[in-house]
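Heads up, the thing below is written out as structure tokens.
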Amino acid sequence: SSRFSEAVQTTGLQLSVQPNQILLNWQAYAQTGFRQYQLFRNNVLLAQLSNPSQASFADTRVRCFENYCYRLVVQYTGGTSSSQEVCGTA
């Protein structure tokens with residue numbers, strides 16, 4: 001449905017590697033019916049975020065020279081949508 005593709009577009013996950021952390025940014029979910037964001041790191045749930053206007057997260061539990069892959073899932077009334085996976089090396 002068009003609602004699904006709109007939700008996918010809102011998640012656009014971006015990653016930037018910084019000293020001692022990986023910063024993740026995305027476009028906040030703007031439609032109604034928001035339930036939560038789920039942020040996955042290497043396919044393991046890293047955080048559940050309940051504020052729809054939150055659009056960033058700093059992962060400070062990283063080790064130098066290790067590769068991490070992240071995916072953001074938006075849960076909303078009627079379904080879920082997932083970002084593309086983004087990866088970076090701390």
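In this text the structure is predicted, and so the values were computed from the model without any measurement.
A heavy-atom distance below 4.5 Å is found between the side chains of Ile22 and Tyr70. In this structure, the side chains of Leu23 and Gln14 stay at 4.5 Å or more apart for every pair of heavy atoms. Between Phe40 and Leu46, every side-chain heavy-atom pair lies at or beyond the 4.5 Å cut-off.
Considering every non-hydrogen atom in both Leu39 and Leu24, the closest pair reads CD2-CD1, 3.6 Å. Contact record, Leu72 with Leu13: N-CD2, 3.8 Å, taken as the closest heavy-atom pair. Listed here is the closest heavy atom pair of Arg63 and Ala90: O-CB, 3.4 Å. Considering every non-hydrogen atom in both Ser56 and Asn25, the closest pair reads CB-OD1, 3.3 Å. Taking both residues in full, the closest heavy atoms of Ala28 and Pro52 are given as CB-O, 3.4 Å, listed atom of the first, atom of the second, then distance.
The line from OG of Ser50 to CD of Gln36 is 8.0 Å long, rounded to the nearest 0.5 Å. Atoms CD and OG, on Gln21 and Ser16 in that order, are 8.0 Å from each other to the nearest 0.5 Å. Here the CD atom belonging to Gln38 is positioned 5.0 Å from the CD atom belonging to Gln48, to the nearest 0.5 angstrom.
No single ILVMFWY cluster, assembled from side-chain heavy atoms under 4.5 Å apart, contains both Val17 and Phe65.
No donor-acceptor distance shorter than 3.5 angstrom exists from the side chain of Tyr29 to the backbone of Tyr37, with no hydrogens or angles considered. A side-chain donor-acceptor contact under 3.5 Å links Thr77 to the backbone of Gly33.
Residues forming a side-chain hydrogen bond (donor to acceptor under 3.5 Å, both in side chains) with Thr60 (at least two apart in sequence, or on another chain): none. With sequence neighbours excluded, the residues forming a side-chain contact (heavy atoms from CB on, under 4.5 Å) with Cys87 are Asn67, Cys69, Glu85, listed by chain and number. The side-chain hydrogen bond (donor to acceptor under 3.5 Å, both in side chains) search around Asn43 returns none, not counting sequence neighbours. Residues forming a side-chain hydrogen bond (donor to acceptor under 3.5 Å, both in side chains) with Gln54 (at least two apart in sequence, or on another chain): none.
Evaluation of the salt bridge (charged side-chain N to carboxylate O under 4.0 Å, His left out) test over residues 30-50, restricted to residues two or more places apart or in two chains, returns Arg41-Asp59. The salt bridge (charged side-chain N to carboxylate O under 4.0 Å, His left out) analysis of residues 14-26, with sequence neighbours excluded, yields no pairs.
With a 6.0 Å radius and a threshold of 12 heavy atoms from other residues, nucleotides or ligands, Asn20 has its CG atom at or below the threshold.
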